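Structure, as structure tokens:
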Amino acid sequence: MMSHQSKFSKVPAHLAIIMDGNGRWAKARMLQRIIGHQRGVETVKRVVEECSNLGIRYLTLFAFSAENWFRPKTEVKALMLLLKHYIMAETNRMINDNIRFRVIGNRPELPPDVLHHLDEASRVTAGNSGMTLTLALSYGARQEIAAAARRIAVEIAGGRLSPDGVDEATFAGFLDTSDMPDPDFLIRTSGEMRISNFLLWQLAYTELYFTEKNWPDFDRDELHKALVHYQSRERRFGKTSDQVKGRG
Ligand code: IPE
Ligand code: IPE
Ligand code: MG
């Protein structure tokens, strides 16, 4: 087998994924949507393990959006139960694999028992030095940005910050992701080509990748295919290609 070192000259430091298509995967097989979500959890386990093996420093998974609360109650309930079982079953593996676990999103909306297990997993893995695995739960980027603006307003009203002091770096410091680099690469599965209120601020210069595969079918080969694409992207950040190549 080819070693990872030879297969990938560079991997993203921060990979973000919009895991989409569980429902359609199930529907195509005349199964209930929740079966698709169950299969999706298996994909999560695979992808987490492989990203950690590849030396990716940050993996951020969009698992449940602020807007997903408006799905049928039975589906929301089933998703919360799946989430709880995933955390309960995987916390030990995170400890063994040196993975640091954390959550971003609107915490108060999550059921207390789910929150308890999420907090416990975050606590016991806080000192780990390997990959940081972030689950975006009850997460919406506009809500996150509005919350940051509110907190900044409180600081200014309290005289601890001046309006002139609010620049990009200050603002980023008030977001849920304040201690993470911006994503280098975003993958969305299931053929949808939209951001769906995910990391709007942080994705400003992220390379985007869309695949037709539904999330339950997103296997190791698909991940590798995406990462090969990433390697070929030239990130210019507004400059010219020659400048980026050091010939400018
Ligand atoms: C992604 O799959 C999982 C969540 C959003 C929770 P979907 O449930 O959105 O699957 P589709 O888009 O209906 O196929
Ligand atoms: C985005 O998927 C949210 C997650 C993957 C958790 P959706 O399936 O909810 O997105 P839309 O509503 O189709 O844009
Ligand atoms: Mg969807």
Side-chain angles (χ1 to χ4, degrees), residues 12 14-48 51 58-87 89-90 101-111 114-115 117-118 121 133-146 175-177 180 183 185-203 206-219 222-223 226:
H14 185 172
L15 170 63
I17 306 183
I18 301 176
M19 312 184 288
D20 200 6
N22 292 347
R24 276 162 286 166
W25 182 93
K27 195 170 182 206
R29 287 158 185 78
M30 314 252 269
L31 299 168
Q32 289 187 310
R33 292 179 58 86
I34 190 63
I35 309 290
H37 295 312
Q38 283 169 3
R39 291 294 292 261
V41 172
E42 297 310 311
T43 304
V44 169
K45 293 179 189 168
R46 257 197 326 261
V47 166
V48 167
C51 287
Y58 296 87
L59 174 65
T60 301
L61 302 176
F62 201 5
F64 192 86
S65 74
E67 292 72 27
N68 288 150
W69 290 116
F70 301 107
R71 290 193 178 191
K73 278 200 170 55
T74 48
E75 181 168 346
V76 171
K77 249 185 141 165
L79 278 167
M80 289 299 136
L81 196 64
L82 256 186
L83 172 62
K84 187 168 95 176
H85 287 160
Y86 166 77
I87 298 300
E90 292 303 302
F101 175 78
R102 47 172 308 192
V103 173
I104 57 173
N106 188 17
R107 299 169 43 91
E109 286 183 345
L110 293 164
V114 172
L115 253 187
H117 290 287
L118 292 170
L133 168 63
T134 304
L135 287 191
L137 292 169
S138 187
Y139 174 87
R142 285 184 169 179
Q143 293 87 330
E144 178 193 29
I145 290 169
L175 295 170
D176 289 1
T177 52
M180 285 195 256
F185 196 44
L186 172 80
I187 297 173
R188 182 169 188 155
T189 58
S190 86
E192 305 297 352
M193 296 196 212
R194 55 177 174 267
I195 300 297
S196 301
N197 204 14
F198 188 42
L199 300 175
L200 294 180
W201 171 283
Q202 299 87 340
L203 292 174
T206 303
E207 297 294 330
L208 309 180
Y209 177 88
F210 301 96
T211 167
E212 291 292 325
K213 290 274 176 192
N214 286 322
W215 181 245
D217 289 330
F218 190 80
D219 58 14
E222 289 299 322
L223 176 64

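Just so you know, ligand 1 is whichever comes first in the structure, and atom 1 is the first atom listed for that ligand. The structure presented is a predicted model; accordingly, all values stated were derived computationally and were not measured. Here, residue 1 is the first one in the sequence, and each next residue gets the next number.
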> Stepwise, does the side-chain contact (heavy atoms from CB on, under 4.5 Å) test hold for I87 with V114?
Replying inline: CA-CA 9 Å; I87 298 300; V114 172; over 6 Å; no
Which bit of [X] is near ligand 1, meaning a heavy atom under 4.0 Å away: side chain, backbone, both or neither?
| X | value |
| --- | --- |
| N68 | side chain |
| S65 | neither |
| E67 | neither |

>> I need the single residue from T211, T43, T189 that forms a side-chain contact (heavy atoms from CB on, under 4.5 Å) with E222. Which is it?
In response: T211
>> Determine whether any protein heavy atom is located less than 4.0 Å from atom 11 (P) of ligand 2.
In response: yes
> Does ligand 1 have an atom that lies less than 4.0 angstrom from a heavy atom of R33?
Replying inline: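 Heavy atoms of R33 do come under 4.0 Å of ligand 1.
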>> If we only consider heavy atoms of E192, is any one of them less than 4.0 Å away from an atom in ligand 1?
In response: no
>> Could you identify the N, O or S atom of D20 positioned closest to the Mg ion (ligand 3)?
In response: OD1
Verify the neighbour count for atom [atom1] of [X]: are there more than 12 heavy atoms of other residues, nucleotides or ligands below 6.0 Å?
| X | atom1 | result |
| --- | --- | --- |
| K45 | NZ | yes |
| R29 | CZ | yes |
| R142 | CZ | no |

Atoms of ligand 2 close to [X] [distance to a heavy atom under 4.0 angstrom, numbered from 1]:
| X | value |
| --- | --- |
| R194 | 11 (P), 13 (O), 14 (O) |
| M19 | 5 (C) |
| I18 | 5 (C) |

> Starting from atom 2 (O) of ligand 2, which protein heavy atom do you reach first, and at what distance in Å?
Replying inline: R188 NH2, 3.7 Å
> In terms of residue, atom name and distance, what is the protein heavy atom nearest to atom 7 (P) of ligand 2?
Replying inline: R71 NH2, 3.8 Å
> Per the salt bridge (Lys or Arg N to Asp or Glu O under 4.0 Å) rule, which among R194, K213, R188 passes with D20?
Replying inline: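 Result: among R194, K213, R188, R188 is the only option passing the salt bridge (Lys or Arg N to Asp or Glu O under 4.0 Å) with D20.
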> What atoms of ligand 1 come within less than 4.0 Å of a heavy atom belonging to R24?
Replying inline: 11 (P), 12 (O), 14 (O)
> If you count the atoms of ligand 1 from 1 in the order shown, which ones are under 4.0 Å from a heavy atom of H37?
Replying inline: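 In order of numbering, the contacting atoms are 3 (C), 8 (O).
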>> Between the side chains of E42 and R39, is the shortest nitrogen-to-carboxylate-oxygen separation below 4.0 Å, so that they form an ion pair?
In response: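 Looking at E42 together with R39, the answer is no, because their closest N to O distance does not fall below 4.0 Å.
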>> Out of A63, G21, P216, S196, who is nearest to atom 6 (C) of ligand 1 when you count heavy atoms only?
In response: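 That would be A63.
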> Hey, what do you get for CG (L59) to NE2 (H14), rounding to the nearest 0.5 Å?
Replying inline: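 Spacing of CG (L59) from NE2 (H14) equals 7.5 Å.
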>> Working to the nearest 0.5 angstrom, can you tell me the gap between E192 CD and E212 CD?
In response: 9.0 Å
>> Go through it in stages, so that I can follow the logic: the residues are Q143 and N106, the test is side-chain hydrogen bond (donor to acceptor under 3.5 Å, both in side chains), and I'd like the CA-CA distance, side-chain angles, deciding distance and then a yes or no.
In response: CA-CA 8 Å; Q143 293 87 330; N106 188 17; over 6 Å; no
>> Can you give me the closest heavy-atom contact between G23 and R33, atom names plus distance?
In response: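 Taking every non-hydrogen atom into account, CA-NH1, 3.6 Å.
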>> Applying a heavy-atom cut-off of 4.0 Å, say which part of F64 lies close to ligand 2: side chain, backbone, both or neither.
In response: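 Backbone only.
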> Taking N or O atoms only and a 3.5 Å limit, does D20 qualify as a polar contact for ligand 1?
Replying inline: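 N/O-N/O distance below 3.5 Å exists for this pair.
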